[in-house]
Amino acid sequence: MIKAIKGTKDLLPADNPRWRFLEETVRRIFENFNYREIRTPIFEETALFARSIGEETDIVSKEMYTFTDKGGTSITLKPEMTAGVVRAYVEHSLGSQHPVTKLYYISPMFRQERPQAGRFRQFHQFGAEAIGSSSPVLDGEIIQTAYDILKALGLQDLTVKINSLGVPADRENYKQLLRNYLNDKKDKLTEDSRKRFDKNILRIFDSKAESDQELIKNAPMLIDHINDESKNDFEVVKEYLSKVNIPFEVDPKLVRGLDYYTKTTFEIISGKVGSQSALCGGGRYDLLIEQLGGKPTPGVGFAAGMERILLACENENSFTVDEPAIDVYIIRIDKELGLEVSAIASQLRRKNFTVDYDYLQRSVKAQMREANKLNAKYTLFIGGDEYKNGMINLKNMETGEQTNLPINDLSRVIDNLKA
RNA sequence: GUGGGCGUAGCUCAGUUGGUUAGAGCGUCUGGUUGUGGCCCAGAAGGUCGUGGGUUCAAUUCCCAUCGCUCACCCCA
């Protein structure tokens, strides 16, 4: 039997009401903040991701779905959205229409990793990018959209973590400080962290090993070595969050993995989703657009993992959706009625009612059981003496009340349904 | 890439110190009289016991391999 590819999932009819609720919430809140939707292709030239996310990152170096198409171009299924959005922003000169462009998206992403709780090979993110202003107010606003969406979904167990990475020069100076600090402790680090020491020393802060955490406990922190502008901006972000009643923690150890971040970074984590606890993450990327061939333009954004969010919602039982129900189930009493049932169903469907009926010539009892399973609000009995006399019978499934109505005047049936 | 756990009916799971026709609950279907649901009752369908090999008179059970799922590490949403 052929099964879905590892790390991919079918979203079955029973799953989709929850997904739709999530998507509707996302759209509503982004649009309240005047973000407009952007959809970019599912794949891009590989070079786009290599140049933006960074060659040395795990995403680019080992997690991308990359193949060569028949024209010999290296293509990659998008592992994240910022690169594609920025590419589209530059390609279509969106910045020439409004000085600040606020975009949101909902889209599948692809990364070839080992799946685990809250991690998939095809997964879905929503997110936003606000391009064209370096104002830290936008950093705050971006964090607020993410937070407000999670809150609107009913989530409680949330922690907002923020940090500032400063400008690239700050980071380079700081890395040297950290190397000096850790140099004589290097052999006490775990093997993974010794690799980080050489490759990307900041990531030692991400280590989950207690021994590593102990070693870096008293290390110098990047937040203490950023320039004045970054410091001031960070203060504004904190003020903004306080003004809009978003509780947050400054986490100097929050160093995010993608190369393009500058200044503000943030994450919102849940205590309810297992080890992969980040529901969303993002930050400012003031140099990325220039790097991708645009005019120097600052930007800030985030991405949120929808599977993780829904997992958190399930585990917190944070919202419920209505059970699916239909308006009318038509019961065929006589088997020889032919297409009469279909004709009546058709009239009601064209009046915008949700209508279904039996296709298997089953007994009235079986049809009623089906109507009940479908949560039909009404059943319509067609056949027998009534039908010969031009009448049909409408039954309210909740009250059990039944009414005879003339078949050639379906508008009366419709009036009854609307009542 | 590394490590742990688990693979028995559509789903959730029993079971076997190796021994006849492999079970339950839920779900599905049919029925409980002439044309009416939910509750209840009766019956039925549905299983290569993940796959391949080995040990044995005999394997769902023991051993090996393999595939799949899952959780964790790495990293990230």
Side-chain angles (χ1 to χ4, degrees), chain A residues 1-7 9 12 14 53 56-63 78-82 106-127 146 150 190-193 195-196 199-200 203-204 206-209 212 255-258 267-270 273-282 301-312 329-335 337 360 362-388 392-402:
Chain A
M1 183 174 59
I2 296 177
K3 297 202 289 184
I5 300 290
K6 183 203 282 287
K9 239 169 72 176
L12 302 175
I53 301 168
E56 291 302 310
T57 60
D58 278 24
I59 291 180
V60 172
S61 65
K62 57 184 200 195
E63 293 171 2
K78 60 188 174 189
E80 59 109 53
M81 192 72 175
T82 303
I106 299 175
S107 174
M109 306 291 164
F110 305 86
R111 291 182 201 172
Q112 190 161 184
E113 305 179 82
R114 278 280 263 272
Q116 69 184 72
R119 175 191 288 156
F120 306 93
R121 290 186 169 184
Q122 174 173 342
F123 60 105
H124 298 79
Q125 292 185 330
F126 65 81
L150 298 179
T190 57
E191 196 189 327
D192 280 335
S193 284
K195 277 187 203 146
R196 293 182 179 111
K199 221 172 104 185
N200 187 345
R203 289 225 200 110
I204 292 178
D206 284 336
S207 174
K208 288 177 188 171
D212 287 343
V255 292
R256 298 189 48 77
L258 282 52
E267 263 181 19
I268 301 179
I269 65 171
S270 164
V273 294
S275 181
Q276 305 306 319
S277 59
L279 299 186
C280 70
F302 79 95
M306 296 170 76
E307 283 82 359
R308 284 182 193 179
I309 287 169
L310 285 174
L311 181 62
Y329 193 86
I330 303 177
I331 309 287
R332 178 204 312 261
I333 292 167
D334 304 326
K335 296 201 162 132
L337 273 175
L360 300 172
R362 296 200 293 174
S363 67
V364 170
K365 185 195 199 72
Q367 292 179 68
M368 281 303 283
R369 283 183 168 159
E370 184 71 17
N372 193 58
K373 258 194 319 202
L374 293 171
N375 277 320
K377 296 190 195 85
Y378 289 89
T379 45
L380 202 51
F381 291 82
I382 297 179
D385 291 340
E386 281 152 19
Y387 187 70
K388 287 186 194 113
I392 52 180
N393 185 277
L394 182 69
K395 175 171 182 171
N396 180 319
M397 290 294 277
E398 202 183 327
T399 63
E401 187 191 349
Q402 303 193 45

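Below, read A as the first sequence line, B as the second, and so on, with proteins coming before strands; counting in each chain starts at 1. Values reported hereafter were calculated over all heavy atoms of this structure, with side chains retained and with hydrogens, waters and symmetry mates removed.
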Exercise. With a non-hydrogen cut-off below 4.0 angstrom, is A:G118 in contact with a base, only sugar-phosphate, or nothing?
Worked result: base
Seminar exercise, completed: The nucleotide from B:rC76, B:rU36, B:rC71 with an atom nearest the side chain of A:A117 is B:rC71
Exercise. Looking across every strand, which nucleic acid part, if any, lies under 4.0 Å from A:A303 by heavy atom: base, sugar-phosphate, or nothing?
Worked result: sugar-phosphate
For this session: Classify the side chain of A:Q116 versus the base of B:rU70 as yes if they form a donor-acceptor pair under 3.5 Å and no if they do not.
Result: no
Exercise. In whole angstroms, how far is the P atom of B:rG31 from the CE atom of A:M368?
Worked result: 15 Å
Problem set entry | Under 5.5 Å and under 30°: A:F381 stacked on B:rG35 | no
Exercise. Expressed as a whole number of Å, how far does the P atom of B:rG15 sit from that of B:rA72?
Worked result: 27 Å
For this session: Report which part of the nucleic acid A:A366 touches: base, sugar-phosphate, or nothing (heavy-atom distance under 4.0 Å, all strands).
Result: sugar-phosphate
Exercise. Can you find a side chain N or O atom of A:S275 that sits less than 4.0 Å from OP1 or OP2 on B:rC73?
Worked result: yes
Exercise. So does A:S363 get a side-chain nitrogen or oxygen closer than 4.0 Å to the phosphate oxygens (OP1/OP2) of B:rU30?
Worked result: no
Exercise. When the distance from NZ of A:K62 to P of B:rC73 is rounded to whole Å, what number comes out?
Worked result: 13 Å
For this session: Using only heavy-atom distances, decide whether a donor-acceptor pair under 3.5 angstrom links the side-chain of A:E113 to the base of B:rC74.
Result: no
Seminar exercise, completed: Comparing nearest nucleotides in RNA chain B, the 5'-proximal residue of the pair A:K6, A:N393 is A:N393
Exercise. So what does A:E267 touch, heavy atoms closer than 4.0 Å: a base, only the sugar-phosphate, or nothing?
Worked result: nothing
Exercise. When only distance counts, do a donor and an acceptor, one from the side chain of A:R369 and one from the base of B:rG31, lie under 3.5 Å apart?
Worked result: yes
Exercise. For atom C1', what is the distance between B:rA45 and B:rA9, given to the nearest Å?
Worked result: 11 Å
Exercise. Whole Å only: how far is the CD atom of A:E370 from the P atom of B:rU28?
Worked result: 9 Å
Exercise. Taking any strand in view, what nucleotide pairs with B:rG37 in a Watson-Crick or G-U wobble way, both distances under 3.5 Å?
Worked result: none
For this session: Just call it for A:I333: base, sugar-phosphate, or nothing, with non-hydrogen atoms closer than 4.0 Å on any strand.
Result: base
For this session: Scan A:N372 against the nucleic acid and name what it touches under 4.0 Å (heavy atoms): base, sugar-phosphate only, or nothing.
Result: base
Exercise. Could a donor-acceptor pair under 3.5 angstrom be found where the side chain of A:R119 meets the base of B:rC75?
Worked result: yes
Exercise. What is the distance, rounded to the nearest whole Å, between atom CZ of A:F302 and atom C1' of B:rC76?
Worked result: 16 Å
Exercise. Can you find a donor-acceptor N/O pair under 3.5 angstrom joining the side chain of A:R308 to the base of B:rC76?
Worked result: yes
Exercise. Paired with B:rC62: which nucleotide, if any, by Watson-Crick or G-U wobble criteria at under 3.5 Å for both distances?
Worked result: B:rG54
Exercise. To the nearest Å, how far apart are A:I5 CD1 and B:rG68 P?
Worked result: 10 Å
Seminar exercise, completed: If pairing means Watson-Crick or G-U wobble with both distances under 3.5 Å, then the partner of B:rG43 is B:rC29
Exercise. Partner of B:rU21 by Watson-Crick or G-U wobble geometry, both contacts under 3.5 Å, or none?
Worked result: none
Problem set entry | Full working for salt bridge (charged side-chain N to carboxylate O under 4.0 Å, His left out) between A:R119 and A:E113 | CA-CA 8 Å; A:R119 175 191 288 156; A:E113 305 179 82; 3.5 Å; yes
For this session: Look at the side chain of A:K365 and the base of B:rU36, then say whether one donor and one acceptor between them are separated by less than 3.5 Å.
Result: no
Exercise. When rounded to the nearest Å, what value does the distance between P atoms of B:rC63 and B:rG27 take?
Worked result: 38 Å
Exercise. Ignoring hydrogens and angles, does a donor from either the side chain of A:R111 or the base of B:rA77 sit under 3.5 Å from an acceptor on the other?
Worked result: yes
For this session: Look at all strands and tell whether A:D385 reaches a base, only sugar-phosphate, or nothing, counting heavy atoms closer than 4.0 Å.
Result: base
Problem set entry | Rounded distance in Å between the C1' positions of B:rU8 and B:rC49 | 4 Å
For this session: Nearest whole angstrom, please: distance from the C1' of B:rC76 to the CG of A:D192.
Result: 15 Å
Problem set entry | Spacing of the P atoms in B:rA65 and B:rC71 (rounded, Å) | 25 Å
For this session: Kindly say if A:K373 contacts the phosphate of B:rU28, meaning a side-chain N or O under 4.0 Å from OP1 or OP2.
Result: yes
Exercise. Given the P atoms of B:rG23 and B:rG35, what is the spacing between them in whole Å?
Worked result: 38 Å
Exercise. Under 3.5 Å, is there a donor-acceptor pair between the side chain of A:R111 and the main chain of A:E63?
Worked result: no
Exercise. Atom CD1 of A:I331 and atom C1' of B:rU36: how far apart are they, to the nearest Å?
Worked result: 7 Å
Exercise. Are side-chain heavy atoms of A:H124 and A:S107 found at a separation under 4.5 Å?
Worked result: no
Exercise. Under 4.0 angstrom, heavy atoms only, what part of the nucleic acid is A:Q402 near: base, sugar-phosphate, or nothing?
Worked result: base
Problem set entry | B:rG46 versus B:rC40 - spacing of their C1' atoms, nearest Å | 24 Å
For this session: Find the partner of B:rC69: check Watson-Crick (N1-N3 plus N6-O4 or O6-N4) and G-U wobble (N1-O2, O6-N3) distances, both under 3.5 Å, and reply none if neither fits.
Result: B:rG5
Exercise. How close or far is atom C1' of B:rG3 from atom CZ of A:R114, stated in whole angstroms?
Worked result: 9 Å
Problem set entry | B:rA42 to B:rG7 separation - P atoms, rounded to the nearest Å | 32 Å
